[in-house]
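Written out below as structure tokens is the structure these notes cover.
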Amino acid sequence: MSDVEIPEDHPRYASLLTRHRIEAGVDKGITSRQGLIAQGRGEAFDYLLGERTIDSADAAERAAAAQLLLADHPVLSVNGNVAALVPGEIVALAEAVDADLEVNLFNRTEERMRAIVDHLEAHGAENVKGLTGDGEIPGLDHARGTVDADGIGAADVVLVPLEDGDRAEALAEMGKTEIVIDLNPGSRSPQTAAIPIIDNIIRAVPNVTEHAQDLADATDEELRAVVDAFDADEALADAERVMREGEFGGAAPENAEAPSPDAPLADE
Ligand code: ATP
Ligand code: MG
């Protein structure tokens with residue numbers, strides 16, 4: 001994707017680049033207009049995080065890498081926002097953990113499915129799934145529940161970034177081990193995930209890939225230990241704490257202690 005000229009020393013370079021990619025995604029027929037609104041919701045939470053990967057998110061990203069490496073049939077689900085924001089990075093992750101890529105849209109249209117498959121292929125993807133649509137997620141209506149039987153339908157571990165809450169729940173009910181990337185720790189999708197990653201997808205996907213490369217020679221036992229050491233509820237609570245305690249104008253201190261009961265409130 002050709003990125004517009006945004007000076008790299010602009011203080012909000014990453015954010016401006018992200019917005020441009022989403023806009024370009026809409027222009028190319030990859031991203032839906034709803035996707036623009038979802039991006040805005042995500043950005044609001046990213047401000048509160050200090051636009052960085054907090055330690056608990058990094059731990060989630062490492063656990064996600066281990067879980068994907070342990071999987072028999074991992075699938076990375078790609079929607080219009082994922083394709084616009086991290087096309088090359090999601091292809092690199094699929095390679096690093098030997099996963100399938102499957103295009104899966106909340107508002108499924110053949111045109112948009114095709115455009116996203118083409119876009120991923122232009123970034124080096126092969127055998128992208130999703131167009132067959134011969135499988136079903138039980139509990140959802142047909143339009144929203146359609147998947148490939150030999151893709152998400154047969155997966156044991158699925159990565160669903162920026163996923164709608166209903167679909168995340170239905171996938172978890174199918175018994176899939178679910179990894180969700182979502183900046184809103186209060187959204188239902190990360191709350192139903194085995195591994196919720198509260199981070200911007202722009203930072204999260206490359207970091208999961210880095211962890212996977214780092215863990216490439218680990219034994220199953222070692223990978224299992226990484227997964228078992230991760231606590232989903234703690235990670236959600238930590239992200240919420242950072243957002244509530246952060247201060248505008250200065251990043252929240254990493255791993256700050258919770259204030260003691262008699263500490264003055266920030267606005268006093
Ligand atoms: P619920 O899951 O409770 O129904 P919702 O309706 O707000 O919540 P969706 O529209 O289903 O959520 O999904 C979009 C989600 O993706 C939002 O929670 C938003 O914060 C998140 N999001 C948007 N852009 C990004 C991004 N770049 N990185 C990570 N998360 C993002
Ligand atoms: Mg959601």
Audit row: D199, T53, side chain to side chain donor-acceptor pair (under 3.5 Å) steps and yes/no:
CA-CA 6 Å; D199 199 4; T53 299; 2.8 Å; yes
Where A65 and H211 come nearest, the two heavy atoms and their spacing:
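Nearest pair, atom of A65 first, then H211: CB-CB, 3.7 Å.
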Should the pair [X]-[Y] be classified as a salt bridge under the 4.0 Å nitrogen-to-oxygen rule?
{"X": "D46", "Y": "R52", "value": "no"}
{"X": "D118", "Y": "R114", "value": "yes"}
{"X": "E51", "Y": "R12", "value": "yes"}
{"X": "R19", "Y": "E43", "value": "yes"}

Residue [X] excluded, over 12 heavy atoms near [atom1] under 6.0 Å:
{"X": "D98", "atom1": "CG", "value": "no"}
{"X": "D217", "atom1": "CG", "value": "no"}
{"X": "Q34", "atom1": "CD", "value": "no"}
{"X": "N127", "atom1": "CG", "value": "no"}

So R144 and D166, salt bridge (Lys or Arg N to Asp or Glu O under 4.0 Å) or not? Walk me through it.
CA-CA 9 Å; R144 292 195 304 135; D166 270 4; 3.4 Å; yes
Same hydrophobic cluster for L101 and L171, using side-chain heavy-atom links shorter than 4.5 Å among ILVMFWY?
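Different hydrophobic clusters.
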Before giving the answer on side chain to side chain donor-acceptor pair (under 3.5 Å), spell out for R62 and N207 the whole-Å C-alpha distance, their side-chain angles and the decisive distance to 0.1 Å.
CA-CA 8 Å; R62 191 166 180 84; N207 198 33; over 6 Å; no
